[in-house]
J.: 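Quick one: structure below, then a few questions.
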Amino acid sequence: MGENVQTRIKNLLAKKTVGSLVQVAGWIRTRRDTGGFSFLEVNDGSCLANIQVIADGSLANYEAEIRKLSAGCSVMVEGTLQASPAKGQDVEILAAEVVVVGWADPEHYPLQKKRHSFEFLREISHLRPRTNALGAVARVRSRMSYAVHTFFQERGFCQVHTPIITTSDCEGAGEMFQLTAMETSLKGEEAGPQDFFGRKAGLTVSGQLQAEVYALALGNVYTFGPTFRAENSNTSRHLAEFWMIEPEMAFCDLRGNMRIAEDLLKYLLNDVITHCPDDMDLFDRFIEKGLLAKLRGVMEQDFAHITYTEAVDRLLQAQKKFEFQVRWGVDLQSEHERYLTEEVFLRPLIVTDYPATIKPFYMRVNDDGRTVAAMDILVPGIGEIIGGSQREERLDVLTARMATAGINTADYAWYLDLRRYGTVPHAGFGLGFERLIQFVSGMANIRETIPFPRTPGFAPC
RNA sequence: UCCUCGGUAGCUCAGUAGGUAGAGCAGGUGGCUGUUAACCACCUUGUCGGCGGUUCGAGCCCGUCCCGGGGAGCCA
């Protein structure tokens, strides 16, 4: 044992070849003693389920070791897979050998055989993936990541690794973490020409601008990588470091953009429900009751569509009292978005054509001259999960908007070149991966959807 | 960052009028049983978030800081 040749419990439970000799390796969840033997629940992380191991009193290390096993101990077990005579499991392993690999002092091991609050588990982010719920999130997250790539690769999209260190601020996308190699900057001096890159640099807030470069060379591309936002934000939907999926399509308008976005969301939901049924069932039963019905509803219905202007009219006519007044030209508040998606449409809602004044310079100006071809997809419970737009491909319109926004065109010369040489209509969007996992898992706080959450004042390991 | 609620045993919480701290679970010991949130008996555990103040006396009142929940802003 030790060459990683043991059977994964997931495969063991799928095949259930009774009578065969098997090896498993994992961590003890609980031990129960009976007459002359013990029951060990072993989990190896391959799936939600544990395998029940029968450790008979005749085993050489029974009294010395097996009777002292507790939650968290690591073991390797070799034995025969047999039908279980009792309820609760179809098969179990009759152990021929139980090797204790690592002990976990029960007086100090923080994970108990009971439900823990997510707030507590967050304080032990190095141990929390050993719990049912966080283990399930990890598997679902991995599967969804895989499915994101499958979706785009099957459709001929090319993945582009856009830079994590950037010198261009994707205006309107939030605060940027400043990056420096100079100690002087710590004393309040602004990083500048003498710093590592010869100019101000930071961690990316979006790969969009660079993705546009590759879209206008390769056609359809996507990015899927870490993104950083430095605003002092403390909500259940915000992280300082998160992963974002950003497709960018050449020769594509807002309608094509919306279609891809809706197809992507539905594809991902279907994939995870199909491939992670046990984990999804756990979420449905213990994290958010009715989750699966909600997700199936999303898959089966067309997303609702409404323009910003129609949304404002709708909100003005609503009987509901809002804390913030609705007015054309002002961005929709959370309460407005929630009302529309949770009470009016009861399904994902795509809001389009926002006023140009409240959206970034790169969004394409509509023929009315006062709105832009933007789209936000709102989902019940989360709010905005996708934000995107058709990009402004006309050089003169783009430079005019940059001037209005007070942006120095010289800093974006490379971006303007894309419009100067062989410009084409193109569009794209950003999908927050953790918000998606929040929606799919029913987790109330986004900090449970990423292995090591980073929030203001919190980055322990 | 703002509003609001909270921080008491390893975990989840109770603590009545300011009078010197409790339950369940976990853990330990023993028993019993093809057990599975195992069961039964007994036992252990506290800088009452930090600092400062009021008071004869503070878990409780006041100030301040830190952390967490909910909401807002910001955002994906």
J.: Taking CZ in Arg32(A) as the centre, count heavy atoms belonging to other residues, nucleotides or ligands within less than 6.0 Å. Is the count above 12?
T.: yes
J.: Without decimals, in angstroms, what is the distance between Glu123(A) CD and C67(B) C1'?
T.: 9 Å
J.: Between A38(B) and Arg31(A), is there an OP1 or OP2 to side-chain N/O distance shorter than 4.0 Å?
T.: no
J.: Is a donor-acceptor contact shorter than 3.5 angstrom present between the side chain of Glu107(A) and the base of U44(B)?
T.: no
J.: Return the value, rounded to whole Å, for the distance between atom CZ of Phe228(A) and atom C1' of C74(B).
T.: 19 Å
J.: Distance check, P atoms only: C61(B) and A17(B), in whole angstrom units.
T.: 12 Å
J.: In terms of side-chain geometry, is the basic nitrogen of Lys294(A) or Glu288(A) positioned less than 4.0 Å from the acidic oxygen of its partner?
T.: yes
J.: Should Gln333(A) be listed as having a side-chain N or O under 4.0 Å from OP1 or OP2 of A72(B)?
T.: no
J.: Over all heavy atoms of both residues, which pair between Val205(A) and Arg229(A) is shortest? Give the atoms and the distance, please.
T.: O-NH2, 2.6 Å
J.: Distance between the C1' atoms of U8(B) and G59(B), in whole angstroms?
T.: 7 Å
J.: Between Ala240(A) and Ala444(A), who's closer to the 5' end of RNA chain B by nearest nucleotide?
T.: Ala444(A)
J.: Remember a base hit wins even if backbone is also touched, and classify Ile386(A) as base, sugar-phosphate or nothing at under 4.0 Å, heavy atoms.
T.: sugar-phosphate
J.: Which is true for Ser117(A) with a 4.0 Å heavy-atom rule: it touches a base, it touches only sugar-phosphate, or it touches nothing?
T.: sugar-phosphate
J.: Are the aromatic rings of Tyr412(A) and Tyr362(A) close, with centres under 6.0 Å apart?
T.: no
J.: Between G68(B), G34(B), C11(B), spot the one nearest the side chain of Phe120(A), thanks.
T.: C11(B)
J.: Tell me the interatomic distance from Arg67(A), atom CZ, to G28(B), atom C1', rounded to whole angstroms.
T.: 14 Å
J.: Rounding to a whole Å, what distance do you find between Tyr109(A):OH and G28(B):P?
T.: 15 Å
J.: Could you please name the partner base of C56(B), counting Watson-Crick and G-U wobble pairs only when both distances are under 3.5 Å?
T.: G19(B)
J.: What integer number of Å spans the C1' atoms of A37(B) and C25(B)?
T.: 10 Å
J.: Take atom P in A38(B) and the same atom in U20(B), then report the distance between them in whole Å.
T.: 38 Å
J.: Quick check on A76(B): is either OP1 or OP2 less than 4.0 Å from any side-chain nitrogen or oxygen of Arg229(A)?
T.: yes
J.: Between Arg122(A) and G69(B), is there a side-chain N or O to OP1/OP2 distance below 4.0 Å?
T.: yes
J.: Among G34(B), G24(B), G68(B), find the nucleotide with the atom closest to the side chain of Phe458(A).
T.: G68(B)
J.: Want to settle it: does Glu119(A) or Thr30(A) sit nearer the 5' end of RNA chain B, counting the closest nucleotide to each?
T.: Thr30(A)
J.: What's the gap between C60(B) and A76(B) when it is taken at their P atoms, as a whole Å value?
T.: 44 Å
J.: With a 4.0 Å cut-off on heavy atoms, is Ile385(A) in touch with a base, just the backbone sugar-phosphate, or nothing at all?
T.: sugar-phosphate
J.: Would Glu434(A) and Thr449(A) count as a side chain to side chain donor-acceptor pair (under 3.5 Å) if you check the C-alpha gap in whole Å, the side-chain angles of each, and the deciding distance to 0.1 Å?
T.: CA-CA 6 Å; Glu434(A) 285 76 15; Thr449(A) 65; 5.5 Å; no
J.: Closest approach to the side chain of Lys114(A), judged atom by atom: which nucleotide of G34(B), G68(B), U12(B) is it?
T.: U12(B)
J.: With no angle test and no hydrogens, is the base of C75(B) tied to the side chain of Arg435(A) by a donor-acceptor pair under 3.5 Å?
T.: yes
J.: With a 4.0 Å cut-off on heavy atoms, is Ile382(A) in touch with a base, just the backbone sugar-phosphate, or nothing at all?
T.: nothing
J.: So if I take every side-chain heavy atom of Ser334(A) and compare against A76(B), G73(B), G68(B), which nucleotide ends up nearest?
T.: G73(B)
J.: Whole angstroms only, please: what is the CZ-C1' distance between Phe118(A) and U12(B)?
T.: 14 Å
J.: What is the ring orientation for Phe177(A) with Phe228(A), classed by angle as parallel under 30°, tilted 30 to 60°, or perpendicular over 60°?
T.: perpendicular
J.: Determine, answering yes or no, if Phe433(A) is stacked on A76(B) under the 5.5 Å centre rule and the 30° plane rule.
T.: no
J.: Base of G69(B), side chain of Ser236(A) - is there a donor-acceptor contact under 3.5 Å?
T.: no
J.: When the aromatic ring centroids of Tyr339(A) and Phe322(A) are compared, is their separation below 6.0 Å?
T.: yes
J.: Determine the Euclidean distance between corresponding C1' atoms of C13(B) and U33(B); express it in Å to zero decimal places.
T.: 32 Å
J.: Base, sugar-phosphate alone, or nothing: which one does Pro110(A) contact when heavy atoms must sit under 4.0 Å apart?
T.: nothing
J.: Can you tell me the pairing partner of C2(B) across any strand shown, Watson-Crick or G-U wobble, with both distances under 3.5 angstrom?
T.: G71(B)
J.: Kindly indicate, with the supporting measurements, whether the criterion side chain to side chain donor-acceptor pair (under 3.5 Å) is fulfilled by Tyr214(A) and Glu248(A).
T.: CA-CA 8 Å; Tyr214(A) 272 73; Glu248(A) 193 70 35; over 6 Å; no
J.: Select base, sugar-phosphate, or nothing to describe what Leu121(A) touches, counting heavy atoms under 4.0 Å on all strands.
T.: nothing
J.: Whole angstrom is fine here: how far is it from CG in Asp33(A) over to P in G27(B)?
T.: 12 Å
J.: When you measure only distances, ignoring hydrogens and angles, does the side chain of Glu92(A) come within 3.5 Å of the base of G34(B) through a donor and an acceptor?
T.: yes
J.: What integer distance in Å separates Arg29(A):CZ from A26(B):C1'?
T.: 16 Å
J.: Would you say Thr34(A) reaches G34(B)'s phosphate, i.e. side-chain N/O to OP1/OP2 under 4.0 Å?
T.: yes
J.: Measure the acute angle between the ring planes of Tyr415(A) and Phe361(A), then classify it against the limits of 30° and 60° as parallel, tilted or perpendicular.
T.: perpendicular
J.: For nucleotides A23(B) and C48(B), find the distance between their C1' atoms and express it as a whole number of Å.
T.: 16 Å
J.: Is C39(B) paired to anything, Watson-Crick or G-U wobble with both distances less than 3.5 Å, and if yes, which nucleotide?
T.: G31(B)
J.: Is Lys113(A) near enough to G27(B) that one of its side-chain N or O atoms lies under 4.0 angstrom from OP1 or OP2?
T.: no
J.: Nearest whole Å is fine: how far is G28(B) C1' from Lys68(A) NZ?
T.: 13 Å
J.: C51(B) pairs with which nucleotide, Watson-Crick or G-U wobble, both distances below 3.5 Å?
T.: G63(B)
J.: Looking only at side-chain atoms of Gln89(A), point me to the closest of G73(B), U33(B), U35(B).
T.: U35(B)
J.: Show the nearest heavy-atom pair for residues Val91(A) and Leu13(A), with the distance to one decimal.
T.: CG2-CD2, 3.9 Å
J.: What contact category does His116(A) fall into here, base, sugar-phosphate, or nothing, at under 4.0 angstrom with non-hydrogen atoms?
T.: sugar-phosphate
J.: Can you find a donor-acceptor pair, distance only, under 3.5 Å between Gln112(A) side chain and G10(B) base?
T.: yes
J.: Just checking Gln52(A): base, sugar-phosphate only, or nothing, at a heavy-atom cut-off of under 4.0 Å?
T.: base
J.: Within the 4.0 Å heavy-atom criterion, would you say Ser70(A) contacts the bases, only the backbone, or no part of the nucleic acid?
T.: nothing
J.: Roughly how far apart, to the nearest Å, are G28(B) and G10(B) at atom C1'?
T.: 13 Å
